[in-house]
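Below is one structure, written out as structure tokens, with a few remarks after it.
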Amino acid sequence: MSSVNGDLIRDLQARGLIAQMTGDNTLEAFLNEGSRTLYCGFDPTADSLHIGSLVPLLTLQRFQRAGHAPIALVGGATGLIGDPSFKAQERKLNTPDIVANWVEKIRAQVSRFIDFDCEGNPARVVNNLDWTAGLSVLDFLRDVGKHFSVNNMINKESVKQRIEREGEGISFTEFTYMLLQSFDFAELYQNYGCTLQIGGSDQWGNIVGGVDLTRKLHGGHVFGLTLPLVTKADGTKFGKTESGTIWLDPAKTSPYAFYQFWLGTADADVYKFLRYFTFLPVADIDEIEEADRAAQGRPQAQGVLAREVTRMLHGEDGLAAAERITAAMFSGSLKNLTEADLEQLALDGLPCSTLDEAQLADTPLTTLLTECGMAKAGREVKDALGRNAVLINEVAKGAEDNMKAAQCFAPEQALFGRFFVVKLGKKKNHLFVRA
RNA sequence: GCAGGGGUUCCCGAGUGGCCAAAGGGAUCAGACUGUAAAUCUGACGCGCAAGCUUCGGUGGUUCGAAUCCACCCCCCUGCACCA
């Protein structure tokens, strides 16, 4: 089994995807010797993963493409405890049935990124609850806990702020998280010959714990590799927008919203993100960057990024839907849309509502546009109205129209007798359909 | 349990009897400029179209008037003690 691609580590390095490695650079040689088994854990802290998990998921895939066998671990056990790493506050515990429900959703999500039928190095999904649920406290304390030094643990950077910071503390429960995760690695080593754990750079402490424990428990020499935390040049948090977190679940973040998120990437970040989030060869990305630099005006990189990532997560159909809406909303005029086009937009994921004509007379636009989710408060709509930033079928509405919803949405103004495309500001679009 | 320090609008953080819907910063929204970018500038930023309504851990009280004073309670943090 030596059909591995020896350029993997170098490619990861070129993409800036390696934050830290254990083993003084012996990992590369270790990987080149043959197909290895590696794992990455995903804790169920919500009913879906978000784009923060995309880098590790894609990295698992990169390893598989290079001939190694990935294991995606879903943290049915660790999710019950809560990882304190670099968290400012203790987390509230979720009930076991909620976590169990999330586990199943996340299991399905991670499964889409790895190939279970891959000849020679098939992927697997495991749940750490399977080997911890039946473990007795005494056994755990004796067999695992004994190998950990509290002196060592409290010096970990990942829990330092919780221990030192005034006004916060850390419970024994969260403090123990590292032992559980370390035990996972030792178990996977024992049962699947897993010799590498990858994770975000915030996982370094936990990963090293697992490397040590595996050696102490089984005498195994295993490795750890961490991926960089995704940051933005302007310092704001990656993965959040006005409407909240960008989820991987299309029911929570539509392919259109997902596509738009990537399209809005700042120039200062976009080439880095191309390296992180796509499988495009680094050389190709460099070419795009050079071409953009040479050209005046709008770069092509954001478009490439949005297409690549959306296609990867939501498939050709999801991408096509996202592009259809984008084309309709951001270029050309609405006049070019056919009735079938408008019907398709709603199916494609353009936010859509039904108009209740009976209530239009005494419903202010502020209420109408807030309730449909375009704005968080009437104030935003009012502000937009005051600046002529609300367009209904391309007609600007002003503050004086606020109480004239019935006129704004008059049947004779509708496209094909029933559609209204409302724009609030430059980027928010919503389709209203007469009942 | 004792002592000390805290709980303010999304976050940080001012405010210690009226001028407070509550400084300042961040985040966020809209406008201008642009490239659905960044930077910059402008406006908004508890809720409400409005009249107005509801906030400063909770409940009562003092007062013409309280985020600010008093009482009790809840929660968090830091020490100490108890359990040994």
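Quick note on labels: first sequence line is chain A, next is B, and so on, each numbered from 1.
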Candidate nucleotides B:rC49, B:rG31, B:rA37, ranked by approach to the side chain of A:Thr367 - the nearest: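 Between B:rC49, B:rG31, B:rA37, the one nearest the side chain of A:Thr367 would be B:rC49.
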Could you please name the option among B:rA38, B:rA30, B:rG35 that lies closest to any side-chain atom of A:Gln302?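 Nearest listed nucleotide: B:rG35.
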Using whole Å, report how far [atom1] of [X] lies from [atom2] of [N].
X	N	atom1	atom2	result
A:Tyr259	B:rU36	OH	C1'	11 Å
A:Lys427	B:rA30	NZ	P	8 Å
A:Leu385	B:rA30	CG	C1'	11 Å
A:Glu371	B:rG48	CD	C1'	13 Å
A:Lys423	B:rC29	NZ	C1'	16 Å

Identify the nucleotide, in any strand shown, that forms a Watson-Crick or G-U wobble pair with B:rC41, with both distances under 3.5 Å; if there is none, say none.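 Check on B:rC41: paired to B:rG31, both distances under 3.5 Å.
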Does B:rC82 have a Watson-Crick or wobble mate here (both distances under 3.5 Å), and if so which one?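 The base-pairing partner of B:rC82, which may sit in any strand shown, does not exist here.
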Got A:Phe419 and A:Glu339 here, is their nearest side-chain heavy-atom distance under 4.5 Å?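 Yes, side chains in contact.
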Does B:rA37 have OP1 or OP2 under 4.0 Å away from a side-chain N or O of A:Arg298?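 Answer is no, no contact under 4.0 Å.
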Do any side-chain nitrogens or oxygens of A:Arg379 fall under 4.0 Å of OP1 or OP2 in B:rA44?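 Answer is no, no contact under 4.0 Å.
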Does atom CG of A:Asp356 have more than 12 heavy-atom neighbours, drawn from other residues, nucleotides or ligands, at distances under 6.0 Å?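 Atom CG in A:Asp356 is crowded, with more than 12 foreign heavy atoms closer than 6.0 Å.
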Classify A:Ala375 by what it touches in the nucleic acid, base, sugar-phosphate, or nothing, heavy-atom distance under 4.0 Å.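 Here A:Ala375 touches no strand at all.
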Classify A:Thr326 by what it touches in the nucleic acid, base, sugar-phosphate, or nothing, heavy-atom distance under 4.0 Å.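 The answer is base, as A:Thr326 lies within the cut-off (heavy atoms under 4.0 Å) of a base atom.
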Suppose we call a contact any N or O donor and acceptor under 3.5 Å apart; does that hold for the side chain of [X] and the base of [N]?
X	N	value
A:Gln260	B:rU36	yes
A:Lys428	B:rU36	no
A:Asp383	B:rG31	no

Quick one: which of A:Val421, A:Asp341, A:Leu342 gives a side chain to side chain contact (heavy atoms under 4.5 Å, CB included) with A:Leu334?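 Exactly one candidate clears the test, A:Val421.
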Can you label the angle between the A:His430 ring and the A:Phe432 ring as parallel, tilted or perpendicular, going by 30° and 60°?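 Tilted, since the angle between the ring planes falls between 30° and 60°.
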Side-chain donor-acceptor contact under 3.5 Å, A:Gln203 with A:Asn206: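 Present: a donor and an acceptor within the cut-off.
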